[in-house]
Amino acid sequence: MVSDFQNSVYSVCKQIPPGRFSTYGRIAQVLNTSPRAVGGALKRNPYAPQVPCHRVISSNFSLGGFYGEMESAKKIEMLRSEGIEFDKEFRVEKKYRDLIFEEFKESNNQ
DNA sequence: CTTTTGGCGCTTC
DNA sequence: GGAAGCGCCAAAA
């Protein structure tokens, strides 16, 4: 079962192009909701490749709580193949932090 | 830099 | 209907 709320979250998430990333809080701001609700929706993401939930991280540039440590390494690998590199603290490297995607179109939703 | 605190929208029980 | 728990966050200490 996919709720309308989930679809709206996925709709925003799909706007993130390769090589860019965003945060739960920023998406929550776009949808006028809370970060936890966004995390909850992305966790149950049934459209794995289409909706790039791996490009959504936490606001402090770390990964968030999604999988185990082993699986989170896989996320880092994915994002690295798109051009974003992480450091040993599982955080986005400083020089890539400007690549955060902010240009969301709200006309898609609402 | 770290930890605590309070609040948030949504899903699940 | 109510209550508890999340892939969180910002501010304060």
Side-chain angles (χ1 to χ4, degrees):
Chain A
M1 178 57 187
V2 182
S3 67
D4 289 337
F5 172 74
Q6 282 177 274
N7 276 326
S8 61
V9 172
Y10 302 151
S11 172
V12 172
C13 188
K14 273 192 290 193
Q15 296 179 30
I16 307 174
R20 307 289 295 278
F21 62 94
S22 188
T23 69
Y24 300 101
R26 184 69 189 90
I27 291 176
Q29 194 176 0
V30 170
L31 292 175
N32 198 22
T33 183
S34 77
R36 294 200 140 193
V38 174
L42 289 180
K43 177 182 184 180
R44 296 146 97 258
N45 170 26
Y47 313 105
Q50 311 176 27
V51 178
C53 59
H54 60 276
R55 291 183 199 142
V56 181
I57 63 178
S58 120
S59 220
N60 57 341
F61 299 101
S62 69
L63 291 171
F66 20 134
Y67 310 95
E69 303 177 2
M70 194 172 53
E71 295 294 327
S72 56
K74 220 176 280 184
K75 296 292 179 185
I76 294 178
E77 192 80 3
M78 273 196 223
L79 289 169
R80 192 172 64 183
S81 69
E82 294 178 348
I84 301 171
E85 298 194 34
F86 286 73
D87 59 21
K88 60 200 174 203
E89 300 176 322
F90 299 91
R91 289 166 154 239
V92 178
E93 281 190 10
K94 309 278 195 288
K95 58 182 207 173
Y96 293 101
R97 294 187 178 183
D98 291 331
L99 289 177
I100 183 168
F101 184 72
E102 295 283 3
E103 301 84 279
F104 289 105
K105 46 178 178 180
E106 43 211 88
S107 38
N108 187 322
N109 191 265
Q110 71 162 317

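These figures come from a predicted structure and were not determined experimentally. Lettering follows sequence order; numbering is per chain, from 1.
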Bracket notation of DNA chain B in which parentheses pair within the strand, [ ] cross earlier pairs, and | pairs with another strand (Watson-Crick or G-U, under 3.5 Å): .||||||.|||||
For atom CZ of A/Arg91 and atom P of B/dT2, their distance in whole Å: 7 Å
Sidechain-backbone polar pair: A/Glu85 side chain, A/Tyr96 backbone, donor-acceptor under 3.5 Å: no
Whole angstrom value for the distance that separates P of C/dC6 from CG of A/Leu63: 19 Å
For A/Arg80, salt bridge (charged side-chain N to carboxylate O under 4.0 Å, His left out) partners two or more places apart: A/Glu77
List the atom pairs, with distances to 0.1 Å, where a side-chain N or O of residues 37-51 of chain A and a protein N or O form a donor-acceptor pair under 3.5 Å, not counting sequence neighbours.
| from | atom 1 | to | atom 2 | distance (Å) |
| --- | --- | --- | --- | --- |
| A/Arg44 | NH1 | A/Gln6 | OE1 | 3.1 |
| A/Asn45 | OD1 | A/Tyr47 | N | 2.9 |
| A/Asn45 | ND2 | A/Val51 | O | 3.2 |

Interatomic distance, A/Asn60 CG vs B/dT3 P [rounded to whole Å]: 13 Å
Rounded interatomic separation in angstrom, taking CG from A/Asn45 and P from C/dG7: 13 Å
Separation of atom CD1 in A/Ile27 from atom P in B/dG9, rounded to whole Å: 17 Å
pair A/Phe21-A/Ile100: side-chain heavy atoms closer than 4.5 Å: yes
d(CG, A/Leu31; P, C/dC8) in whole Å: 17 Å
Between C/dA10 (P) and A/Arg36 (CZ): distance, integer Å: 14 Å
Qualifying residues under ring-ring contact (aromatic ring centres under 6.0 Å, His included), relative to A/Phe86, sequence neighbours excluded: none
Contacts under 3.5 Å, N or O only, protein and nucleotides 10-12 of chain B:
| from | atom 1 | to | atom 2 | distance (Å) |
| --- | --- | --- | --- | --- |
| B/dT11 | OP1 | A/Ser3 | OG | 2.7 |
| B/dT11 | O3' | A/Arg44 | NE | 3.4 |
| B/dT11 | O3' | A/Arg44 | NH2 | 2.9 |
| B/dT12 | OP1 | A/Arg44 | NE | 2.9 |
| B/dT12 | OP1 | A/Arg44 | NH2 | 2.0 |
| B/dT12 | OP2 | A/Arg44 | NH2 | 3.0 |

Distance, nearest 0.5 Å, that separates CD1 of A/Ile57 from CZ of A/Phe90: 13.5 Å
Value rounded to 0.5 Å, distance of CZ in A/Phe61 from CD1 in A/Ile84: 11.0 Å
Chi angles and distances behind the side chain to side chain contact (heavy atoms under 4.5 Å, CB included) call for A/His54, A/Lys74: CA-CA 10 Å; A/His54 60 276; A/Lys74 220 176 280 184; over 6 Å; no
Separation of atom CD1 in A/Ile100 from atom C1' in C/dC9, rounded to whole Å: 13 Å
Sugar-phosphate only, base, or nothing, as touched by A/Gly40 at under 4.0 Å among non-hydrogen atoms: nothing
Atom P, compared across C/dG7 and B/dG6: separation rounded to whole Å: 23 Å
By salt bridge (charged side-chain N to carboxylate O under 4.0 Å, His left out) - contacts of A/Arg55 (at least two apart): A/Glu82
